[in-house]
Structures are given as C-alpha cells and as structure tokens.
A.B. asks: 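Pasting a structure below so you can have a look.
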Amino acid sequence: MSSLQPVRGTVDLLPEDARKHRTIEALFARLVERYGFGEIATPIFEFTEVFSRTLGETSDIVTKEMYTFTSGDESLTLRPEGTAGVARAFITHGLHHALPLKVSYRGPMFRHERPQKGRLRQFHQVGVELLGVDSPLADAEVITLAAHFLDELGVTDTVTLELNSLGDAESRAAYRAALVDHLAGRGNGLSDDSRRRLAGNPLRILDSKDEGDRAIVATAPLLTDFLNAPSRAFLDRLCTLLAAAGLSPVLNPRLVRGLDYYCHTAFEFTTTALGAQGTVLAGGRYDGLIQQMGGPATPGIGWAAGVERLALLHEDRTALPRPVVLVPLGEAAESAGFALAQDLRKAGLHVEMGYAGTLSRRLKRAHKMNACAAVIVGENELAQGKAVVRDLDDGTQTDISFFDLAGQMIRLYRDKQ
RNA sequence: GUGGCUGUAGCUCAGUUGGUUAGAGCAUUGGUUUGUGGUACCAAGGGUCGUCGGUUCAAAUCCGAUCAGCCACCCCA
C-alpha cells in the first residue's frame with residue numbers, strides 16, 4: 001500500500017545492478033552489429049490489437065497478463081514482448097522492400113504475473129528478428145548469434161540449447177489431432193490445468209510439470225513423427241548447419257512455445273541455476289505472422305533474452321574504474337582545484353571531487369572509492385603553483401605544477417584507471 | 001489467479017514461557033591525528049518491531065485482516 005515502495009514486480013536498479021544490465025546490453029549491441037543487425041526502437045505501448053491479434057487470443061499473455069488501459073476511446077497495451085511491435089513497424093513502414101531485414105531491439109517489457117525468482121512484471125529483453133529469409137540458414141545464423149552472445153557473457157557452462165520443430169501448419173494440425181486423440185482417452189488422469197489446456201492449447205500439455213501428466217505424455221505420439229517431408233528436411237538442414245558452427249543442440253520433442261505465431265524452428269537456451277525460471281533465451285520461426293497481421297507474406301525468425309535472468313547468471317568481472325580524487329583545502333583552493341578537476345577530465349581522466357571534511361577524512365574516502373591518486377591543493381600549493389600528487393598505492397608524493405598537471409597525470413595514471 | 005514460507009536499524013540478523021529504556025555485526029558520522037588513506041582503538045547517530053485492528057494489567061512476541069517480499073504452481077525471457 002505504501003506509495004514509497006515500488007509497484008509490485010518492479011524494481012529500482014541501483015548503480016551496481018544498472019551497471020550490470022548495461023554491460024549485458026552493451027555486449028549485445030556490439031555483437032549484434034557484427035552479424036549485421038541494425039537497431040529498431042518501437043514504442044513500449046501499442047494498440048491492444050497489435051498484441052491480441054498476433055500472440056493468439058488464447059495465449060496466457062493475452063488472456064491474463066497484459067497491462068491494458070484506455071486513453072480516450074483507444075485501448076492501449078504496454079508491450080509484453082518485442083516481436084509484435086517489430087512486425088507492426090515492418091508493415092507500417094513497408095519494409096518488405098528492404099528484405100532481408102535484420103533488426104535488434106532492447107528495452108522494458110510488461111506482464112502482469114505473480115513475481116518470483118527471475119520473473120518480474122517489468123523486465124527487460126534484448127532480442128533480434130530476421131525477416132524475409134525462408135532458408136534454415138537464417139535459423140542457423142540467429143541461433144549461432146545467440147550462442148555466441150551467451151558465450152561472450154560467460155554463461156554457456158550453465159546453459160544448454162534445446163531445439164525442436166513445430167513443423168509447418170499441415171504437420172502441426174495432423175499432430176495436434178493425434179495428440180488430442182491420445183489424451184482424450186486418458187482425460188481423467190490429467191491435471192486440472194491440463195484438462196483446460198486440452199481444448200485451447202493441447203501442445204502445452206507436453207511440457208507440463210505435473211507428474212501424472214508426464215506419465216500420460218510419455219506414451220503420447222511425438223511431434224517429430226508427424227513432420228511432413230519438407231518440415232523434416234528443414235529441421236535436418238538446420239541441424240547440419242548448427243553442427244558446422246560447432247553447436248550440438250539437444251533435440252527435445254516436447255519443447256513447445258507459448259505464442260501462436262511460431263512454426264518450424266523452436267529453441268530455448270535453458271539453465272537449472274535459476275529455479276523454476278529456466279529459460280534464459282528463446283525464440284523460433286514465425287512465417288505466418290506478418291501476413292496474419294495484414295502485411296505481405298514474409299517469413300521471419302527471432303529470439304529474445306531476459307536481461308534480468310542473464311544478470312543472475314553473469315558474473316561481472318569488468319573492473320570498476322579507479323578515479324583520481326581532487327582534494328582542495330580552503331575556499332581559494334576550491335576554486336583552483338575545481339578548475340583543475342575540469343582540466344583533468346577534459347584530458348580524459350576519471351576525476352572525483354573530495355568535497356569536504358578534514359584532509360584525513362577525504363583521503364579515507366578516496367581510499368574507499370579505490371582511487372589511484374589524490375591531488376591535494378591547499379594554501380601552500382596555491383602559493384607555489386604546484387599540486388601535491390599522492391599515489392594511493394605506494395604512498396609516494398610528488399609536486400607537479402598546475403601547468404603540467406593534466407599531462408603528467410595522464411602519463412602516470414591513465415594505465416591505473 | 002492459487003499455495004507455502006517470511007516481514008525487527010541503510011544491509012545481514014539476535015531477541016528466552018508475552019514483562020522495565022528492543023540488541024549485535026557490517027555500513028555511516030565524529031574522535032585518537034585542527035595538512036595525509038588503508039590497520040587499530042574510542043564514541044555517536046540511526047527503529048511508531050511492515051500496516052491496521054483484536055486479546056491482555058502488559059504484545060516485537062498470541063490472534064485476525066491487509067500490504068509487501070521470497071519460493072513454487074500457472075506461464076514465460
């Protein structure tokens with residue numbers, strides 16, 4: 001109730017965490033550029049139909065997890081994921097003239113779910129979309145990029161790549177019928193949740209965590225066996241390409257995606273280190289999406305990764321910068337010291353100000369921020385036009401004239417920062 | 001939306017069968033050092049015990065509600 005705490009499921013990213021997020025996003029941005037993806041930034045809210053029409057009217061996200069509000073007579077929704085907005089932008093700007101299109105995005109997403117480990121109501125994703133290529137080459141490239149990204153983050157040892165094919169529409173319809181048939185005879189043994197899923201989204205029963213469900217599903221027909229020849233060939237080709245890149249995915253015939261727009265390739269990078277929220281990066285192919293939204297038939301494939309989940313796995317080893325601390329003693333020295341600090345910063349050094357207190361106090365604070373040097377300017381120094389530069393690692397002090405200060409400091413301390 | 005566990009200082013946590021002024025460590029601030037950091041020692045500040053209500057002579061402690069957090073289901077990044 002207290003308005004002094006953040007809304008449930010939202011968090012303040014204090015500098016330490018914000019820094020970690022930025023490290024992850026910066027790495028993503030750098031890497032994605034190397035693969036030829038340009039950034040796209042779509043609004044964080046859209047007309048509600050953008051999501052309800054693309055994600056599937058029966059998906060959980062649409063039925064119960066969207067933050068929807070009315071403004072004037074328009075129904076608007078905070079984006080629960082990134083692909084729908086990208087697809088909308090693709091159509092509004094006629095980007096089918098620019099195929100193949102490779103874009104990346106990052107930013108906050110919103111889902112009204114009960115928060116738990118690795119799950120927030122406002123969370124952040126980075127993701128990519130590759131539109132206009134129906135060859136498995138696109139799938140392979142996008143998955144390889146994902147693996148590369150996780151590798152550079154140093155989390156690959158805790159993560160495994162799972163792969164499945166949902167087949168094309170024909171294969172999926174045939175399988176769905178066979179699955180429902182199999183389950184219908186055993187309906188009474190299914191959990192309440194799964195009996196509900198039987199009507200709307202039977203494939204979801206495949207990855208149920210209920211033990212009774214698992215037993216029933218264990219004997220169910222496999223999606224893989226219902227793939228028609230083209231779908232089968234597509235999957236085989238993808239596996240060959242991934243192998244060529246040194247990737248050996250675990251084929252998981254029970255891997256299902258929640259959103260209706262997926263077909264053929266579905267993949268997840270999962271971990272056991274995050275409790276129940278094992279999916280760290282996931283995606284798939286969505287060949288029918290653009291057309292379904294009213295655009296020209298355009299194949300597409302993409303993935304998204306949860307920044308918070310990556311942050312939980314990623315150990316930030318990048319060293320914090322070591323500042324030089326400028327310590328002016330007295331009002332006159334303050335003016336001179338303030339100006340010197342600016343000179344040093346313009347020269348490219350990371351400079352902190354030792355604002356107030358005794359010299360002892362300020363050096364203590366400088367030590368705590370892991371400073372590499374203190375530049376002390378008091379009455380004596382002012383009179384002589386020299387600053388006392390104290391090296392905080394070895395305690396040595398040298399006088400350096402104000403005139404030379406920036407140049408000398410760069411020479412002495414740039415490497416220590 | 002459902003279930004389990006938990007809310008005491010900025011952080012991590014003690015607090016006996018209900019009983020005076022609710023404690024510790026870390027952190028912060030000050031001092032030993034009025035121009036010299038790390039170590040050490042001394043001291044100080046900081047709490048309507050999540051909130052509201054109830055039981056009681058007396059509640060951090062027992063009860064109820066509520067809010068929040070964590071974990072799980074569901075779902076997903």
Side-chain angles (χ1 to χ4, degrees), chain A residues 1-11 14 24 55 58-66 80-83 106-127 146 150 159 191-194 196-197 201 204-205 207-211 213 256-259 268-271 274-283 302-313 325 327-330 333 354 356-381 388-397:
Chain A
M1 189 52 167
S2 168
S3 56
L4 291 183
Q5 46 196 169
V7 172
R8 178 168 224 189
T10 68
V11 293
L14 301 182
I24 292 169
L55 304 181
T58 59
S59 73
D60 279 57
I61 289 184
V62 170
T63 54
K64 56 185 199 197
E65 293 173 7
M66 297 205 303
E81 56 97 53
T83 304
R106 70 197 158 90
M109 307 291 166
F110 306 84
R111 290 183 199 172
H112 191 104
E113 300 181 276
R114 190 95 166 243
Q116 69 184 77
K117 189 182 180 78
R119 187 215 270 174
L120 293 167
R121 288 183 173 180
Q122 176 179 342
F123 60 104
H124 297 80
Q125 286 187 337
V126 294
L150 296 177
V159 159
S191 65
D192 291 348
D193 282 324
S194 286
R196 189 165 33 77
R197 285 185 279 228
N201 202 349
R204 273 258 84 108
I205 300 174
D207 61 356
S208 171
K209 289 177 186 169
D210 182 89
E211 283 198 25
D213 290 351
V256 174
R257 314 262 48 236
L259 310 180
E268 286 186 7
F269 287 82
T270 59
T271 177
L274 254 37
Q277 260 54 49
T279 306
V280 128
L281 182 155
W303 54 255
V307 176
E308 281 80 2
R309 290 183 188 177
L310 292 173
L312 287 172
L313 295 177
V325 176
V327 182
L329 303 165
T358 61
L359 176 58
S360 166
R361 197 69 229 160
R362 293 196 232 187
L363 287 176
K364 207 174 267 187
R365 238 177 264 138
H367 175 79
K368 264 182 197 141
M369 56 177 96
N370 195 28
C372 53
V375 177
I376 302 163
V377 182
E379 303 291 319
N380 305 339
E381 290 72 24
V388 171
V389 175
R390 181 178 178 86
D391 186 301
L392 292 175
D393 287 334
D394 60 20
T396 57
Q397 296 195 170

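Values below: all heavy atoms of this structure, side chains included; hydrogens, waters and symmetry mates excluded. Quick note on labels: first sequence line is chain A, next is B, and so on, each numbered from 1.
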A.B. asks: Would you indicate which nucleotide in B:U28, B:G30, B:C73 comes nearest to any side-chain atom of A:Arg361?
C.D. replies: B:G30
A.B. asks: Considering only atom P, compute the distance from B:G19 to B:C62 and round it to an integer number of Å.
C.D. replies: 11 Å
A.B. asks: When A:Glu113 is tested against each of A:Arg119, A:Arg121, A:Arg8 for salt bridge (charged side-chain N to carboxylate O under 4.0 Å, His left out), which residue passes?
C.D. replies: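 The passing option is A:Arg119.
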A.B. asks: Between B:U61 and B:G15, how far apart are the two C1' atoms, rounded to whole Å?
C.D. replies: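 Each nucleotide's C1' atom is 9 Å from the other's.
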A.B. asks: Distance check: side-chain N/O of A:Lys117 vs OP1/OP2 of B:G69, anything under 4.0 Å?
C.D. replies: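 Answer no for this pair, as no side-chain N or O of A:Lys117 is under 4.0 Å from OP1 or OP2.
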A.B. asks: Wobble G-U and Watson-Crick pairs count when both distances are under 3.5 Å; given that, what is the 5' to 3' dot-bracket string of RNA chain B, with | for pairing to other strands?
C.D. replies: (((((((..((((.....[...)))).(((((.......))))).....(((((..]....))))))))))))....
A.B. asks: State which of B:G35, B:U33, B:A72 makes the closest approach to the side chain of A:Leu329.
C.D. replies: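 Nearest to the side chain of A:Leu329 among the choices is B:G35.
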A.B. asks: Can you find a donor-acceptor pair, distance only, under 3.5 Å between A:Glu381 side chain and B:G35 base?
C.D. replies: yes
A.B. asks: Taking only side-chain nitrogens and oxygens of A:Arg111, does any of them come within less than 4.0 Å of OP1 or OP2 of B:C75?
C.D. replies: no
A.B. asks: Is any side-chain nitrogen or oxygen of A:Thr279 closer than 4.0 Å to OP1 or OP2 of B:A77?
C.D. replies: no
A.B. asks: What is the distance, to the nearest angstrom, from the CZ atom on A:Arg119 to the P atom on B:G1?
C.D. replies: 12 Å
A.B. asks: Does B:A72 have OP1 or OP2 under 4.0 Å away from a side-chain N or O of A:Gln116?
C.D. replies: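 True: A:Gln116 side-chain N/O within range (under 4.0 Å) of B:A72 OP1/OP2.
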A.B. asks: Describe the nucleic acid contact of A:Gly127 in one word from base, sugar-phosphate, nothing, applying a heavy-atom distance below 4.0 Å.
C.D. replies: nothing
